[in-house]
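The structure presented is a predicted model; accordingly, all values stated were derived computationally and were not measured.
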Amino acid sequence: MLKHMFPKYPPASLTSLQLRLYTTFWYANILALLTLVPYLVLDLFVAPLLWPFHAMASVLVLYSQLLLQYGHLRLSQLMSLSTCLGIVVVGYIAFGKDSGIEYFYFPLLVSAVTSSVWPLARRVMVGLITVCAIATLLTSLAPPPWVTMDSGTLGFIKLYNLLMTVIMLAFIMTRIRTLVELLGKDADIDPLTHTLNRRAFYLAVNRLQQRRQAFALLLLDLDHFKTINDTHGHEVGDQVLVHVTRLLKQHNQRNRDVLSRYGGEEFLLLLHDASPEQALQTSQAIRNTLAVNPFKHDNTLLTMTVSIGISLSSESRDIDKVIALADERLYKAKSTGRDRAVLYHA
């Protein structure tokens, strides 16, 4: 029945950032459940009337975990945030201002601000949490607690709430930092081939030029790629690009070399400290690799060839000029029969 209500998301369809968001919130729910466990035990001894409430809250957090499992990230976050807010409000009313349960407003507020729920729902949640947090500061308006406890138990609860608040804040801030770093990496990656995009390639070249390091540049263009798109469709064309990328990475095993998708079916391969002879050898190896590794589609082998233009960093300090030289030689390779590499150097 659940499969019909909530179709399970395919993990392969998620980007690295989306997958990290799901993982982050999965751990956040587990942390919320672990926080509730001592309260379920405490209720049995000092507040039996609160046990059903905390039990129901635990069920709702588990249900939000189920929603997360079936791909409903926004709804799962909204349910979990709402449940946690209810826990804090009721706990504050039940145990009073000296229990320290109001500390949880801080991680809740950060979680709400950084959540990926619908914009209106996020504004409402942030507003509710802020109002509740401000209300707790007005100690003169605080009602007497429902549950009376001795000072030792109350002190233990306050220390526990403070400790869990620090743990939650540390977890949230660590995950935010990780997500920001991952977001920065995703901004530099081509989403189809997972190679560097043009912006990231230019940054890599700039770092090399600042260190005055030499390099050879290979501009590769798949021959007759438009025919593949026209005959088999763009989806197959994308699969071919992924296949070619995997083959190109075999010739990009040195950590110093840089592989980038320049646009369409064009790739840039930057070889650190490569001589003209090494650049030509690498080009020949790439052509051979493509020739013996055709792409298989519906029992059909799509053999691919590539034309390559080669330029050297010694020919110009301007990277645009170096790429333009490689582009001129790529055109020469195309116009003289394709499936070849062309290099002229000073």
Side-chain angles (χ1 to χ4, degrees), residues 24-65 76-115 117 121-177:
T24 296
F25 203 64
W26 190 89
Y27 282 118
N29 278 343
I30 296 299
L31 189 58
L33 286 172
L34 291 177
T35 305
L36 277 169
V37 170
Y39 278 98
L40 289 170
V41 177
L42 180 68
D43 291 343
L44 295 175
F45 297 97
V46 299
L49 292 178
L50 283 179
W51 193 91
F53 171 76
H54 284 133
M56 179 60 70
S58 301
V59 170
L60 289 175
V61 174
L62 284 172
Y63 187 69
S64 70
Q65 194 79 332
S76 174
Q77 283 185 306
L78 183 59
M79 176 172 288
S80 185
L81 286 171
S82 302
T83 302
C84 291
L85 178 59
I87 293 170
V88 176
V89 171
V90 172
Y92 180 76
I93 295 174
F95 298 114
K97 62 182 181 179
D98 295 325
S99 64
I101 199 169
E102 68 274 10
Y103 298 152
F104 288 112
Y105 284 124
F106 296 104
L108 259 182
L109 186 60
V110 176
S111 298
V113 170
T114 58
S115 69
V117 299
R122 181 167 56 248
R123 287 194 289 269
V124 171
M125 285 303 306
V126 169
L128 285 174
I129 295 171
T130 302
V131 169
C132 293
I134 292 175
T136 61
L137 297 176
L138 303 177
T139 55
S140 59
L141 300 180
W146 290 354
V147 181
T148 56
M149 292 177 288
D150 59 81
S151 58
T153 304
L154 193 62
F156 170 78
I157 292 176
K158 187 171 185 177
L159 181 62
Y160 172 76
N161 289 336
L162 178 60
L163 176 63
M164 292 307 299
T165 297
V166 172
I167 292 174
M168 287 183 176
L169 282 173
F171 170 79
I172 292 171
M173 300 311 295
T174 301
R175 301 305 286 189
I176 288 176
R177 179 180 177 180

Taking all heavy atoms of [X] and all of [Y], pick out the closest pair and write down the distance.
X    : Y    : result
A112 : V126 : CB-CG2, 3.9 Å
G100 : N161 : O-CB, 3.4 Å
P145 : A94  : CB-O, 3.4 Å
P38  : L34  : CD-O, 3.2 Å
V117 : R122 : O-NH1, 3.0 Å
P107 : I172 : O-CD1, 3.5 Å

Roughly how far apart are [X] [atom1] and [Y] [atom2], rounded to 0.5 Å?
X    : Y    : atom1 : atom2 : value
L33  : S64  : CG    : OG    : 7.5 Å
M168 : L163 : CE    : CG    : 10.5 Å
T130 : L109 : OG1   : CG    : 5.0 Å
L42  : F95  : CG    : CZ    : 5.0 Å
L108 : M125 : CG    : CE    : 7.0 Å
I129 : S82  : CD1   : OG    : 8.5 Å

Crowding at OH, Y160 (>12 non-hydrogen neighbours, <6.0 Å):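 It does: Y160 OH has more than 12 such atoms within range.
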Pairing residues for S76 by the side chain to side chain donor-acceptor pair (under 3.5 Å) criterion, not counting sequence neighbours: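 S76 satisfies side chain to side chain donor-acceptor pair (under 3.5 Å) with no other residue.
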Counterpart residues, side chain to side chain donor-acceptor pair (under 3.5 Å), relative to E102 (two or more places apart): none
Do [X] and [Y] make a side-chain contact, defined as non-hydrogen atoms from C-beta onward lying under 4.5 Å apart?
X    : Y    : result
Y39  : I101 : yes
T83  : M56  : no
Y105 : C132 : yes
L49  : V147 : no
L162 : K158 : no

Verdict with supporting geometry, F104 and T35, side chain to side chain contact (heavy atoms under 4.5 Å, CB included): CA-CA 11 Å; F104 288 112; T35 305; 3.9 Å; yes
Under 3.5 Å donor-acceptor, S80 side chain and Q77 backbone: no
side-chain hydrogen bond (donor to acceptor under 3.5 Å, both in side chains) pairs, two or more places apart, involving residues 40-56: D43-H54
